[in-house]
Amino acid sequence: MVLTACVLASSMAFIDGTALPVALPRLRADFGADLASVQWVLNGYMLALASLTLIGGALADVYGKARMLGLGCVLFGLASAACAVAPSPAWLIAARVAQGAAAAIVTPASLALIGATFPREERNRAIGLWAAASALTTAGGPVLGGWLTQTFGWPSVFWINPPLALVAVGLLLVFAPKDGRIQRRFDMIGAAILASAIGALAWALSRIGPQAQAAADAPARPGTVLIIVAGLGIVGLAIYAFWERRSEHPMTPPRLVENHAFLGLNVATLMIYAGVSIMFFLLPFDLVDRRALSSTDAGLVFLPFTLGVGLLSGVFGRLADKIGSRAMLIAGPAGAALAYVWMALSQEESLMLSVFAPMTLLGLSFAVLVAPLTASVLSSVDQTDEGLASGINNAASRIAQLAGVALAAGVASFESGYQVGLAVAAATSIGGAFTAAITPTPAAAKADSPREA
């Protein structure tokens, strides 16, 4: 029952993440909003989730895993209802930020509660069931989102979550074990600095395109504003790095930054997930606006990707145990880059040739990549740091999604923005493959560490 509660809780975030992009064209039309506003419907959520995930894990340790998971479910359900009744884009963006903050509690607390509930000999199986259910809900998200949007309108996508939240909270109240707590402080100042820096960079990226520049209302020239805001974001990241070295309870301890294998794998994560986020933002607009597909049909187009990842990740994960992960960490993003180029060059071809076939290749590529990447990140640190390493890698993928969506919204306003965006996605994926190729193997990195020696 506890595992069921954790699956339901995390499923809210997974369904929301994959169902909403299909609804964006209808949402944009209903509000009469521009791309810069629509992309913040995604970015507001991603910003809060990326910047607060590590704090969410610390809160679960300090105040109790089941207690914080239940609180996160309640907040997520309330924020979802606020999204569904949003009368304006500004309201919707604010509610999405609240959703992201709630998901930042739910995501780490659900896995932490599974770890605390199941004995070590059953823990991997329990987490495997959690992951399988997550893959299933992720795969069904675009289809469900498309059908709900076409049948009931885009607000119905958000009405999925309150019933799930109520059931999860009920199961936790009845079946969750008594919470154990540890005394730990968390770095609120570091979180605030990081959120501000990422927000500034995302805003600057969203104003790249001519359409977004025309919407700028600052008294200074748009180009000057872009430079200033982007500079503030970069300075903010530098201040964050400085603060983390001075803080007694850093969110990202310096020892992890000095771990070359861990650092390289997270840089690769940033590049790879930025690329796929660009594609996920651009494709629904091409399918609905240019090809005139219904929202349901547009959702079905994503099935080759999500089913490929959901059904084949375990197979390739076992293969990585036999042959090692390095080849897969190179082949996965390289195959993804090929899929993006294929989609860009064949835009005028049939739906089967220009979308279904490359999406199948993309699903296969990510199935090759996901399990070895996660396992390599955890293997690159000592056992005492595995939870923190998982949180940092999850935050890195969220930050990548935030930057990818912002960049996609910027380049989409250029002529041939679809092809340009996919070319950028291919370039970032190739960068991820190159980074994985030159990154030390986790075993070698751990052998060089003083603790392992």
Shortest non-hydrogen contact between [X] and [Y], atoms and distance:
X      : Y      : value
Cys73  : Val169 : CB-CG2, 3.7 Å
Thr360 : Pro304 : OG1-CB, 3.5 Å
Met359 : Leu283 : SD-CD2, 4.2 Å
Ala103 : Tyr45  : CB-OH, 3.4 Å
Ala268 : Gly432 : CB-O, 3.8 Å

Original post:
Going through the checks in order, is the side-chain contact (heavy atoms from CB on, under 4.5 Å) test met by Leu92 and Phe31?
Top reply: CA-CA 11 Å; Leu92 180 58; Phe31 281 129; 4.0 Å; yes

Any side-chain heavy-atom pair of [X] and [Y] under 4.5 Å:
X      : Y      : result
Val276 : Tyr340 : yes
Leu171 : Val167 : yes
Leu113 : Cys6   : yes
Leu148 : Trp159 : no
Leu71  : Met68  : yes
Thr439 : His260 : no
Trp154 : Arg28  : no
Tyr418 : Met343 : yes

To the nearest 0.5 Å, how far apart are [atom1] in [X] and [atom2] in [Y]?
X      : Y      : atom1 : atom2 : result
Arg96  : Cys83  : CZ    : SG    : 6.0 Å
Arg246 : Ile189 : CZ    : CD1   : 14.5 Å
Met271 : Asn266 : CE    : CG    : 12.0 Å
Leu8   : Ser110 : CG    : OG    : 11.0 Å
Met12  : Ile160 : CE    : CD1   : 11.5 Å
Ile105 : Leu49  : CD1   : CG    : 11.0 Å

Looking at [Y], is its backbone amide N or carbonyl O close enough to the side chain of [X] to form a donor-acceptor pair, meaning the two atoms are under 3.5 Å apart?
X      : Y      : value
Thr428 : Ala425 : yes
Asn259 : Ser380 : yes
Ser247 : Glu244 : no

Original post:
Hey, is CZ on Phe356 packed in by over 12 heavy atoms from elsewhere, all under 6.0 Å?
Top reply: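 Result for CZ/Phe356: enclosed.
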
Original post:
According to the interplanar angle, ranging from 0 to 90°, do the rings of Phe285 and Phe281 count as parallel (below 30°), tilted (30 to 60°) or perpendicular (above 60°)?
Top reply: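 Because their plane-to-plane angle lies in the 30° to 60° range, the rings of Phe285 and Phe281 count as tilted.
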
**OP:** Fit a plane to each ring of Phe280 and Phe302, take the angle between them on a 0 to 90° scale, and name the class: parallel (under 30°), tilted (30 to 60°) or perpendicular (over 60°).
**Re:**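 Taking Phe302 first and then Phe280, their aromatic rings lie parallel (interplane angle under 30°).
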
